[in-house]
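Reading through the structure tokens given below for one structure.
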Amino acid sequence: MTAPQPTVTTNSNLYEKDFYLWIETTAKQLKAKRFAEIDLDNLIEEIESMGRSEKRALESNLVVLLMHLLKYQYQPEKRTNSWLSTILEHRRRLNRNLQDSPSLKKYFLKIFSECYQDARQQAAIETGLLIDNFPVESPFSEDKCLNKDFLPD
């Protein structure tokens with residue numbers, strides 16, 4: 001007859017039961033170079049998820065910025081400080097994101113046109129203008145979008 005084994009919480013169990021404690025434990029294991037104890041599968045998943053989150057944040061901020069630039073250009077009579085604040089804030093977020101992770105610049109350039117199409121649709125909905133009022137291709141270059149001093153006419 002074998003003695004009952006004590007219940008041991010492994011890192012993978014910890015990941016499912018208490019995510020924050022899993023993070024703290026994993027960080028301590030990494031700092032102590034106790035690599036054999038690390039829940040590698042979940043760590044890899046979390047790192048990949050962080051990369052996807054960075055990309056999604058970049059996309060989201062770019063769509064909001066482009067939409068407000070379109071609204072600013074195509075509805076000058078309705079310009080508000082709120083629009084200017086949104087332009088400033090999302091431009092700041094994009095620039096900070098690209099400064100912190102310069103390798104995302106290629107991704108920014110790759111998704112720029114797609115994000116513009118999303119912004120064009122949203123601008124049409126928010127302004128009540130027909131989508132055909134907005135150009136099919138972005139009237140703003142990638143560089144102008146990131147330029148803190150640029151505002152459309």
Side-chain angles (χ1 to χ4, degrees), residues 11-12 14-35 38-153:
N11 271 5
S12 60
L14 193 56
Y15 180 82
E16 299 298 327
K17 293 180 185 221
D18 189 336
F19 181 69
Y20 183 74
L21 183 57
W22 175 85
I23 290 171
E24 285 184 323
T25 302
T26 302
K28 286 176 186 174
Q29 291 167 335
L30 286 166
K31 287 176 185 175
K33 297 182 176 27
R34 296 190 331 254
F35 303 124
I38 293 173
D39 176 10
L40 199 53
D41 290 338
N42 285 319
L43 181 59
I44 291 167
E45 183 179 317
E46 289 304 317
I47 290 172
E48 289 173 341
S49 176
M50 289 169 56
R52 287 189 300 272
S53 293
E54 289 296 310
K55 285 181 172 181
R56 280 194 299 273
L58 188 132
E59 291 172 23
S60 176
N61 287 311
L62 181 56
V63 169
V64 172
L65 173 62
L66 287 165
M67 177 186 62
H68 277 79
L69 289 173
L70 284 170
K71 287 168 47 175
Y72 191 90
Q73 182 170 3
Y74 286 88
Q75 285 195 317
E77 71 285 357
K78 294 188 177 184
R79 290 177 182 167
T80 65
N81 287 335
S82 174
W83 286 3
L84 287 173
S85 177
T86 299
I87 289 168
L88 177 70
E89 174 61 19
H90 289 274
R91 183 177 280 152
R92 183 192 60 77
R93 290 179 189 184
L94 282 166
N95 280 311
R96 183 162 293 150
N97 197 254
L98 292 171
Q99 185 178 36
D100 290 346
S101 300
S103 63
L104 281 174
K105 183 72 180 230
K106 281 191 279 186
Y107 184 71
F108 172 83
L109 297 172
K110 176 182 172 187
I111 57 132
F112 187 85
S113 293
E114 181 182 329
C115 287
Y116 174 73
Q117 295 308 316
D118 292 341
R120 187 173 171 249
Q121 273 187 316
Q122 285 187 253
I125 291 167
E126 284 204 16
T127 61
L129 298 172
L130 295 174
I131 197 165
D132 293 339
N133 287 316
F134 304 104
V136 174
E137 299 294 321
S138 176
F140 323 114
S141 70
E142 295 91 341
D143 289 337
K144 280 185 178 177
C145 284
L146 297 174
N147 181 336
K148 67 180 180 72
D149 297 320
F150 170 74
L151 285 172
D153 297 329

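Numbering of residues begins at 1 and proceeds along the displayed sequence. Predicted model, so just to flag it, every value in this text is computed and none were measured. Heavy atoms only: backbone and side chains are in, while hydrogens, waters and symmetry mates are out.
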State whether the number of non-hydrogen atoms from other residues, nucleotides or ligands found under 6.0 Å of [X] atom [atom1] is greater than 12.
X	atom1	result
Phe35	CZ	yes
Arg96	CZ	no
Asp41	CG	no

Any side-chain heavy-atom pair from [X] and [Y] closer than 4.5 angstrom?
X	Y	result
Ile87	Leu151	yes
Pro135	Tyr74	yes
Asn147	Asp143	no
Arg52	Glu48	yes
Leu70	Pro139	yes
Met67	Glu126	yes
Gln29	Leu43	no

Over all heavy atoms of both residues, which pair between [X] and [Y] is shortest? Give the atoms and the distance, please.
X	Y	answer
Thr127	Gln75	CG2-OE1, 3.2 Å
Arg91	Cys145	NE-O, 2.6 Å
Ala123	Lys71	CB-CG, 4.5 Å
Ser138	Leu66	OG-CD2, 4.3 Å
Leu58	Phe108	CD2-CA, 3.8 Å

Would you call the rings of Phe19 and Tyr15 parallel, tilted or perpendicular if under 30° counts as parallel and over 60° as perpendicular?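 Ring orientation of Phe19 relative to Tyr15: perpendicular.
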What distance separates [X] [atom1] from [Y] [atom2], expressed to the nearest 0.5 Å?
X	Y	atom1	atom2	result
Ile47	Leu40	CD1	CG	8.5 Å
Asn95	His90	CG	NE2	13.0 Å
Arg120	Glu137	CZ	CD	9.0 Å
Leu98	Glu54	CG	CD	10.0 Å
Glu46	Ser53	CD	OG	9.0 Å
Phe112	Gln117	CZ	CD	10.5 Å

Taking [X] for the side chain and [Y] for the main chain, is one N or O donor matched with an acceptor at less than 3.5 Å?
X	Y	answer
Asp18	Leu14	no
Ser85	Asn81	no
Asn133	Leu130	yes
Ser49	Glu45	no

For Arg56, enumerate each residue passing the salt bridge (Lys or Arg N to Asp or Glu O under 4.0 Å) test, keeping only those at least two apart in sequence or located in another chain.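 Once residues adjacent in sequence are excluded, Arg56 has no partner under the salt bridge (Lys or Arg N to Asp or Glu O under 4.0 Å) criterion.
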Could you tell me if Trp22 and Asp39 have a donor-acceptor pair between their side chains, going purely by distance under 3.5 Å?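 On atom types as modelled, these side chains qualify, holding a pair under 3.5 Å.
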Qualifying residues under side-chain hydrogen bond (donor to acceptor under 3.5 Å, both in side chains), relative to Glu114, sequence neighbours excluded: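 Glu114: no side-chain hydrogen bond (donor to acceptor under 3.5 Å, both in side chains) contacts found.
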Evaluate side chain to side chain contact (heavy atoms under 4.5 Å, CB included) for Ile38 paired with Arg34, printing each intermediate quantity in order. CA-CA 7 Å; Ile38 293 173; Arg34 296 190 331 254; over 6 Å; no
Taking the basic N atoms (NZ, or NE/NH1/NH2) and the acidic carboxylate oxygens, is any pair closer than 4.0 Å for Arg93 and Glu89?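 So Arg93 pairs with Glu89 through a salt bridge.
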